[in-house]
Amino acid sequence: MKSNGNYDWKISTVGGVTRVNIESGQDILHLDELDRKLWTALSCPLKDLEIDEKTMTMLDTNGDGKIHIEEVVAASKWLTSVINDPELLLKRSSVLPFTAFNTSNEEGLHLLETSKQILENLGLEKNEISVADVSDSLAIFAKTRFNGDGIITEQSSDDEDIKALIKSIIDCMGGVTDRSGDPGIDTDKIEAFYTALADFKAWKEAGDADKANVFPYGDDTAAALAACMAVKDKVEDFFMRCKLASFNADSAAVLDVSSAKIGEISNNNLAASTDEIATYPLAGVNAEHRLPLGNEVNPAWAGAMAALKALVIDKEYPKAEYITEEQWVSMLAKFDAYNAWMGTKAGAVVEGLGYDAVVKTLEENKKEALLDLVAQDKALESKSNAIDQVDKLLHYFRDFYTLLTNFVTFSDFYSPERKAIFQAGTLYIDERACDLCVKVNDMGAQGAMAPLSNMYILYCDCTCKSKPGTMTIAAVVTDGDVGAIMVGKHAVFYDRDGLGWNATVTKIVENPISIRQAFWSPYRKMAKAVEDMINKRAAEKDAKVMADANSKIESANVPTEKPAEAPKPPFDIAKFAGIFAAIGLAIGLVASALGGLFSWLGLHWYNVVIFFLIIILIISGPSMIMAWLKLRKRNLTPILNANGWALNQRLLVNTKFGATLTGIAKYPVVKTKDPFTMKTPWYKKLLRWFIFLVLLAVAVYFILPKDMRPWWPKEEPVAEQVEQVEAPAEAPAE
């Protein structure tokens with residue numbers, strides 16, 4: 001078949017749907033000519049697939065989190081241009097020999113040279129390169145001074161002063177991770193560092209120029225300000241309480257600490273009640289509005305007040321025993337210039353170096369030397385990017401054909417040797433192994449789409465001790481019977497790496513699994529209904545018995561007069577006669593119907609077999625027909641669509657293919673005897689056979705026509721009345 005060009009595509013039927021084959025390098029080479037209507041998938045997600053996510057990320061050139069047809073076609077064009085034999089892609093090898101590079105292509109030749117340089121950096125001598133060789137970029141660049149990322153480290157220079165300067169910049173500004181894995185700096189870090197040095201120097205010198213005003217307490221100015229700020233709120237609270245007491249003399253007792261309040265904590269360990277005591281006023285309220293500095297201060301604040309007195313008050317008011325509000329405000333005003341200067345602080349990130357080191361670094365001015373090292377590193381950018389391209393080539397070389405067999409066609413899914421990239425592993429449950437398991441990322445979408453698949457699906461939450469979080473899977477049961485599967489049942493899920501997960505069934509989407517299961521389904525439903533009815537009646541009877549017993553126990557301790565028993569109603573024979581008559585009528589109607597059916601079929605032995613087959617067909621036929629119709633339409637597409645796939649064709653799972661996706665336990669014939677088998681006495685076996693024969697005889701008796709039943713009154717045959725007609729008189733002879 002030709003499509004969008006002159007290339008002759010081969011077509012086959014896979015999974016009940018006609019698909020284009022991708023089975024040669026030439027098919028990949030002409031992939032851009034394939035009509036988009038013939039692709040199985042239009043797009044697929046990056047994550048939760050059994051293919052290297054790094055490869056998928058490389059393919060996702062527009063960064064939307066999905067792989068589209070255009071991106072697959074672009075990858076095929078690039079890949080087939082830089083290797084000389086596209087047939088090699090079918091091997092899915094992680095090793096690319098140097099002979100496979102297309103050296104007639106400029107980019108292919110450049111990739112070959114870069115591959116050789118990578119092996120040289122790693123100290124390897126061979127004529128091929130693998131995914132493992134380029135997977136560790138740290139090892140590739142570990143022994144190189146420059147790697148093209150525009151970041152320099154301490155190893156980028158042999159000058160000890162430059163190394164120390166780079167370390168200082170990293171300590172102050174933070175580092176940028178180099179391709180080698182070491183912390184480093186780039187142009188932005190260097191520029192920001194020298195700007196911070198200049199700003200800090202200018203700010204420090206501005207303060208020193210007006211030192212007397214900015215530093216009222218010399219080198220202790222910062223500590224003095226901290227001492228004031230530590231008690232500022234409590235001091236101002238004290239002066240406000242004094243003002244309120246002057247405003248209303250009756251409020252003085254309320255504004256001060258009452259003895260009752262102290263009494264509430266007096267029984268506690270007061271040394272451990274510092275936080276509570278600290279909430280009390282700083283000192284007792286007084287009419288003079290004076291804050292005492294001695295023992296009258298709240299003991300929880302005594303230490304802070306002592307620091308304030310030593311650093312500020314003693315220098316302003318020597319030997320003062322108290323301060324007023326005006327004095328307090330005056331002391332705070334001393335810090336206005338210092339606060340203003342601190343508000344303009346710049347270059348704080350380099351303050352840790354110290355002013356002298358800042359000045360020295362600025363005077364040495366090795367900024368240009370650092371920028372020159374960055375430029376040398378940046379010059380190798382194209383070479384370093386080529387290493388990334390080699391990494392990309394190796395991932396495509398290994399994984400691209402796998403993607404095609406799960407995107408253009410789904411041959412991996414229908415292949416007995418391989419599994420599709422969406423098959424997450426195997427769920428073992430109820431003596432079966434379900435190989436069709438798909439990771440679920442959106443249960444809401446699954447709830448809407450999954451019923452359309454006509455599949456029997458188990459949704460399971462899986463946990464693993466060695467991996468954080470919970471994984472949800474959809475396991476499709478494609479063969480066997482329902483068995484003991486139910487919500488809440490525990491199972492074990494093994495992912496594609498062989499790691500075991502504890503699985504719990506959380507939801508079941510019920511659909512037919514097989515024709516065999518559909519045949520027995522009505523009988524199981526009837527048995528379940530009978531069992532539920534019996535359990536319900538038994539529970540009601542048990543509840544009634546327990547209620548009666550409790551009632552009798554409660555009444556036993558209470559002496560009461562025994563009420564006269566009501567007389568039992570007489571035996572109503574007419575009532576029971578009516579019941580037996582109704583039962584007999586029902587049996588008679590059934591027997592008459594069966595007898596009529598057997599009269600119509602005849603009394604041959606094979607007619608009895610036909611009769612039972614008809615009964616079975618009436619019961620199981622509708623279920624089996626519905627199952628057959630649904631099994632023909634089992635389609636995986638809705639489940640994958642709910643996971644973010646955009647599929648262009650159906651993914652049918654018929655009964656033959658489904659049998660390969662679910663393995664059922666099979667046991668050989670066991671010849672040894674079970675030591676725990678229950679042995680039935682001979683008389684019980686004889687009794688069972690007797691009951692069976694009696695029931696069979698009764699059934700046959702009522703099925704036979706009346707004239708053939710033994711001990712049944714025979715009806716006398718009625719003689720046929722023949723109408724006598726006189727013969728006409730002979731005509732007289734002429």
Side-chain angles (χ1 to χ4, degrees), residues 1-44 49-52 55-56 58-59 61 67-105 107-108 111-112 128-131 390 392-423 647-652 657:
M1 186 194 74
K2 298 185 183 298
S3 171
N4 292 359
N6 297 320
Y7 185 69
D8 191 12
W9 296 95
K10 294 182 180 179
I11 306 297
S12 62
T13 300
V14 182
V17 178
T18 302
R19 305 178 195 275
V20 175
N21 293 348
I22 304 295
E23 54 187 19
S24 70
Q26 290 300 310
D27 293 336
I28 300 174
L29 189 63
H30 293 85
L31 200 59
D32 60 321
E33 300 178 25
L34 181 60
D35 190 344
R36 282 167 173 74
K37 295 189 295 295
L38 302 179
W39 292 57
T40 302
L42 301 175
S43 71
C44 74
L49 299 175
E50 297 303 319
I51 187 171
D52 194 339
T55 303
M56 302 293 277
M58 292 173 176
L59 285 164
T61 54
I67 306 300
H68 297 271
I69 291 178
E70 294 78 11
E71 292 166 330
V72 176
V73 170
S76 71
K77 288 183 177 179
W78 178 78
L79 185 56
T80 54
S81 69
V82 296
I83 62 173
N84 54 28
D85 185 7
E87 293 291 335
L88 296 173
L89 298 175
L90 276 61
K91 296 181 178 180
R92 314 187 197 206
S93 174
S94 61
V95 178
L96 179 62
F98 287 165
T99 56
F101 285 89
N102 183 11
T103 55
S104 62
N105 178 281
E107 186 175 4
L111 289 172
L112 174 59
E128 60 186 21
I129 189 168
S130 67
V131 174
V390 171
K392 175 181 174 181
L393 171 62
L394 291 169
H395 277 80
Y396 282 13
F397 187 75
R398 182 192 63 188
D399 298 331
F400 190 67
Y401 186 62
T402 298
L403 177 66
L404 295 183
T405 54
N406 290 272
F407 194 96
V408 183
T409 68
F410 269 64
S411 55
D412 274 4
F413 178 51
Y414 291 103
S415 170
E417 295 84 14
R418 294 185 177 275
K419 288 186 177 182
I421 59 176
F422 52 77
Q423 289 181 261
L647 293 176
N648 202 27
Q649 294 179 342
R650 296 174 298 165
L651 299 178
L652 299 178
F657 178 48

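If you read the sequence from its start, that first residue is 1, and numbering goes on from there.
For the atom pair Leu59 CG and Phe400 CZ, the distance stands at 7.0 Å (nearest 0.5 Å). Of the inter-residue distances, the one linking Asn406 atom CG with Ile67 atom CD1 reads 13.0 Å to the nearest 0.5 angstrom. From Ile51, atom CD1 reaches atom OG1 of Thr402 across 5.5 Å, with rounding to the nearest 0.5 Å. Here CD1 of Ile129 is found 6.0 Å from CZ of Phe98. Values are rounded to the nearest 0.5 Å. Rounding to the nearest 0.5 Å gives a distance of 10.0 Å between CG of Leu31 and NZ of Lys77. The line from CD1 of Ile83 to CG of Leu112 is 13.5 Å long, rounded to the nearest 0.5 Å.
When all heavy atoms are compared, the tightest approach of Trp39 to Val408 is CZ3-CG2, 3.4 Å. The two residues Pro86 and Thr80 come nearest to each other via the heavy atoms CB-CG2, 4.1 Å. Scanning both residues, Leu89 and Tyr401, for their nearest heavy atoms gives O-CB, 3.4 Å.
Every residue meeting the side chain to side chain contact (heavy atoms under 4.5 Å, CB included) condition with Ala41, not counting sequence neighbours, appears here in chain and number order: Phe407, Phe410, Trp645, Leu647. A search for side chain to side chain contact (heavy atoms under 4.5 Å, CB included) contacts involving Ser130 returns Val95, Lys126, Ala132, Asp133, not counting sequence neighbours. Applying the side chain to side chain contact (heavy atoms under 4.5 Å, CB included) criterion to Glu70, with sequence neighbours excluded, gives Arg36, His68.
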For residues 392-399, dump all side-chain donor-acceptor pairs below 3.5 Å to protein atoms at least two apart in sequence or in another chain.
residue, atom, partner, partner atom, Å
His395, ND1, Asp391, O, 2.9
His395, ND1, Asp391, OD1, 3.1
His395, NE2, Asp52, OD2, 3.4
Tyr396, OH, Met58, O, 3.2
Arg398, NH2, Asp52, OD2, 2.8
Asp399, OD2, Thr55, OG1, 2.6

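Two residues are said to be in side-chain contact when any heavy atoms from C-beta on lie closer than 4.5 Å; Thr405 and Ile22 fail this criterion. Proximity of Gln423 to Phe413: side-chain heavy atoms (C-beta onward) are separated by under 4.5 Å at one or more points. Side-chain contact check for Arg19 versus Ser411: every heavy-atom pair is 4.5 Å or farther apart. Annotation: side chain of Leu651 is in contact with side chain of Thr40 (closest heavy-atom distance under 4.5 Å). Within the 4.5 Å cutoff, no side-chain heavy atoms of Leu404 are placed close to those of Thr409.
Using a distance-only test at 3.5 Å, with no hydrogens or angles considered, a donor-acceptor pair links the side chain of Asn648 to the main chain of Lys37. Using modelled atom types, one side-chain atom of Glu87 and one backbone atom of Gly25 make a donor-acceptor pair closer than 3.5 Å. In this structure, Asn84 contributes its side chain and Thr99 its backbone to a donor-acceptor pair below 3.5 Å.
Neither side chain, Glu33 nor Trp9, offers a donor N or O lying under 3.5 Å from an acceptor on the other.
Annotation: side chain to side chain donor-acceptor pair (under 3.5 Å) contacts involving residues 20-30, sequence neighbours excluded, comprise Tyr7-Asp27, Ser12-Asn21, Ser24-Asp27. Pairs passing the salt bridge (Lys or Arg N to Asp or Glu O under 4.0 Å) check and including a residue from residues 402-416, sequence neighbours excluded, read Arg92-Asp412.
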- Task: Test side-chain contact (heavy atoms from CB on, under 4.5 Å) on Asn105 and Leu111 and set out the steps.
- Result: CA-CA 10 Å; Asn105 178 281; Leu111 289 172; over 6 Å; no

